[in-house]
Amino acid sequence: MQGKMKVGSREYPIAGYVTTKETGPVPLVDIPMMSDYKWHLSCLNSRLENPEMYRTVLGEDVETVIAELRATLAQMEALA
């Protein structure tokens, strides 16, 4: 069984199926994923470019979050 499955407003290819007693066949959808490193990097860049939005809209301590994101990225780089 091949085909596509709609998730939200987009269609993704079906990579295969998993069968369970409770549900029968369940499609495995091939959705491209972003790496943790890329996600953290985009979060850091967004805060560096728009600190006031995070401060005013989310009430975030932007400097602390930036420091935490930089530390996490450094750990990931050290492990790579």
Side-chain angles (χ1 to χ4, degrees):
M1 287 188 222
Q2 292 295 329
K4 294 185 177 193
M5 182 172 185
K6 190 170 183 175
V7 178
S9 61
R10 297 185 63 188
E11 286 191 352
Y12 297 96
I14 295 173
Y17 290 85
V18 174
T19 302
T20 69
K21 285 190 237 178
E22 296 80 22
T23 63
V26 177
L28 296 173
V29 183
D30 188 9
I31 299 176
M33 302 300 252
M34 181 185 292
S35 70
D36 285 347
Y37 182 85
K38 203 169 182 180
W39 175 266
H40 281 80
L41 185 58
S42 86
C43 290
L44 174 61
N45 287 332
S46 182
R47 279 161 179 82
L48 291 171
E49 293 167 8
N50 310 293
E52 284 307 311
M53 191 267 306
Y54 288 94
R55 244 182 233 108
T56 57
V57 175
L58 300 177
E60 191 172 273
D61 179 351
V62 178
E63 288 72 23
T64 299
V65 174
I66 286 173
E68 290 170 354
L69 287 166
R70 284 184 169 148
T72 300
L73 288 165
Q75 288 174 344
M76 290 177 176
E77 289 168 0
L79 294 172

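From a predicted model like this one, the values you see are computed outputs, not experimental measurements.
Not counting sequence neighbours, Glu11 has no partner by the salt bridge (Lys or Arg N to Asp or Glu O under 4.0 Å) test.
Sparse packing is recorded around CE of Met5, with 12 or fewer heavy atoms of other residues, nucleotides or ligands lying under 6.0 Å away.
Looking at every heavy atom in both residues, Ile14 comes nearest to Tyr17 through CD1-OH, 3.5 Å.
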Output side-chain donor-acceptor pairs under 3.5 Å for residues 58-73, partner residues at least two apart or in another chain, one line each.
unit_1: Glu60; atom_1: OE1; unit_2: Arg47; atom_2: NH2; d: 3.2
unit_1: Glu60; atom_1: OE2; unit_2: Arg47; atom_2: NE; d: 2.7
unit_1: Asp61; atom_1: OD1; unit_2: Thr64; atom_2: N; d: 3.4
unit_1: Asp61; atom_1: OD1; unit_2: Thr64; atom_2: OG1; d: 3.3
unit_1: Asp61; atom_1: OD2; unit_2: Thr64; atom_2: OG1; d: 2.7
unit_1: Glu63; atom_1: OE2; unit_2: Arg55; atom_2: NH2; d: 2.4
unit_1: Thr72; atom_1: OG1; unit_2: Glu68; atom_2: O; d: 3.0

Distance-only criterion, 3.5 Å: show the donor-acceptor pairs between side-chain atoms of residues 27-43 and protein atoms not counting sequence neighbours.
unit_1: Ser35; atom_1: OG; unit_2: Lys38; atom_2: N; d: 3.0
unit_1: Tyr37; atom_1: OH; unit_2: Glu77; atom_2: OE2; d: 2.6
unit_1: His40; atom_1: ND1; unit_2: Asp36; atom_2: O; d: 2.8
unit_1: Ser42; atom_1: OG; unit_2: Trp39; atom_2: O; d: 3.1

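Both Met53 and Leu44 sit in one connected hydrophobic cluster of ILVMFWY residues. Membership requires side-chain heavy atoms under 4.5 Å apart, directly or through other members.
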